[in-house]
Amino acid sequence: MEKVEVFENKRATGYNEFVGAWIPNYSYFLSKLPDLLSETKNKDLLVAGCGTGNEIVCFVKNSKQWSITGVDPSPEMIIQAKEKLKNYNNVNLIKGVVSDVEKTHKFGAATLLLVLHFMKDDGTKLSLLKSIAERLESNAPFVLLDITGTKKQLKDNLQVLKQLLPNNLTEEDINNRFYRIENELNAVSEERLSELLIEAGFEAPVRFFQTSIYMGWITKKWEN
Ligand SMILES: C[S@@+](CC[C@H](N)C(=O)[O-])C[C@H]1O[C@@H](n2cnc3c(N)ncnc32)[C@H](O)[C@@H]1O
């Protein structure tokens, strides 16, 4: 069973406001996902940890060609995604984890945004990445957004992030969030992320996006 970080109550209902405030350029990142994957021939997309459906909305608004499976274990997040996406018949939402998706279903692309840093690097990150790789066809692109960096990089980049945050956040909010990022979440260095992806069955990733501690990566499933 994959480890699950459950989003419920305020964490679920206030989620969109939270990401908008704390992740500069998050909506820009999302808006560019369809462009990034535009050359993918097989438009069958796996959105792992789809939350409230933010990344799925960008794909369905961009084109009718995509067929999308969103998976998320948090009931309150998937309820919001279902409501947001109820008018699209090319979206299938599953309350569960990636290993609940049939292994015989081979997707043409996948995303994993803001999920991996909740998992420990004790085999848990690797097992989620492997579950995704096993459900992709050869050469399928895989896009990640995650808190990334060594302890020193995170510390330095958090000082930059502080300057980019909205003015209505209190000093206490900022200190609490930064404490959590440095001490309770499980970010890994760029090198370690690359090792994990390679071990899971992907090529070495390319970093194409960064805002302070948040890095966007693209890789593809190895050719079998
Ligand atoms: C920070 S939210 C990101 C949601 C969405 N990707 C976005 O960018 O808006 C993290 C999500 O990961 C989900 N999650 C937790 N454990 C998971 C797992 N093992 N597999 C997939 N998703 C998981 C949570 O339920 C939550 O909705």
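For this chain, numbers begin at 1 and follow the sequence in order. When a ligand or atom number is given, it counts from 1 through the structure's own listing order.
- Of all protein heavy atoms, the one lying nearest to atom 2 (S) of ligand 1 is Tyr15 OH, 3.5 Å.
- Per-residue contacts place Ser74 under 4.0 angstrom from the following atoms of ligand 1 (heavy atoms of the residue considered): 24 (C), 25 (O).
- Annotation for ligand 1: atoms under 4.0 Å from non-hydrogen atoms of Cys50 are 5 (C).
- Which parts of ligand 1 touch Leu113 is read off a 4.0 Å heavy-atom cut-off, strictly below it: atoms 3 (C), 5 (C), 6 (N), 8 (O).
- Atoms of ligand 1 found under 4.0 Å from any heavy atom of Gly49 (numbered from 1 in listed order, with element): 4 (C), 5 (C), 6 (N), 21 (C), 22 (N).
- When each atom of ligand 1 is checked for a heavy atom of Gly51 under 4.0 Å away, the hits are 4 (C), 27 (O).
- Side chain of Lys106 to main chain of Lys103: a donor-acceptor pair is present (N/O by atom type, distance under 3.5 Å, no hydrogens or angles).
- Between the side chain of Thr219 and the main chain of Glu203, a donor-acceptor pair closer than 3.5 Å is present.
- Counting heavy atoms only, Asp72 comes closest to atom 13 (C) of ligand 1 of the residues Asp100, Val115, Asp72.
- Not a single heavy atom of Ala48 sits under 4.0 Å from any atom of ligand 1.
- Looking from atom 23 (C) of ligand 1 to the surrounding protein, the closest heavy atom is Pro73 CD, 3.4 Å.
- Glu5 O, 3.1 Å is the protein heavy atom nearest to atom 15 (C) of ligand 1.
- Counting only distance, with no hydrogens or angles, the side chain of Lys3 and the backbone of Thr124 share no donor-acceptor pair below 3.5 Å.
- Ion pairing between Lys86 and Glu83 holds under the 4.0 Å rule for side-chain N and carboxylate O.
- Within ligand 1, counting atoms from 1 as listed, the ones closer than 4.0 Å to a heavy atom of Lys3 are 16 (N), 18 (C), 19 (N).
- Annotation: Leu128 places no N or O atom under 3.5 Å from an N or O atom of ligand 1; distance criterion only.
- For a threshold of 3.5 Å applied to N or O pairs, the pair formed by Val98 and ligand 1 contains no separation below that value.
- The closest approach between any non-hydrogen atom of Val19 and ligand 1 is not below 4.0 Å.
- For the ring-ring contact (aromatic ring centres under 6.0 Å, His included) with Phe29, the lone residue among Phe208, Trp217, Tyr214 that qualifies is Phe208.
- Evaluated for a side-chain hydrogen bond (donor to acceptor under 3.5 Å, both in side chains) with Glu182, the options Lys151, Arg177, Lys155 yield exactly one hit, Lys155.
- The protein heavy-atom contact nearest to atom 10 (C) of ligand 1 is Leu114 O, 3.4 Å.
- Heavy atoms of Met77 found under 4.0 angstrom from ligand 1 belong exclusively to the side chain.
- One hydrophobic cluster holds both Leu158 and Leu169 under the rule that ILVMFWY side chains link at heavy-atom gaps under 4.5 Å.
- Counted by atom type alone, Asp35 and Ser38 present zero donor-acceptor pairs between their side chains at under 3.5 Å.
- Using a distance-only test at 3.5 Å, with no hydrogens or angles considered, a donor-acceptor pair links the side chain of Thr148 to the main chain of Asp146.
- Crowding of Glu172 atom CD: a count of heavy atoms from other residues, nucleotides or ligands under 6.0 Å not exceeding 12.
- Remark: the backbone N or O of Ser212 is paired with a side-chain donor or acceptor of Gln210 at under 3.5 angstrom.
- The distance criterion of under 3.5 Å between nitrogen or oxygen atoms is met by Tyr26 with respect to ligand 1.
- Atom numbering of ligand 1 starts at 1 in the shown order; those under 4.0 Å from a heavy atom of Val4 are 16 (N).
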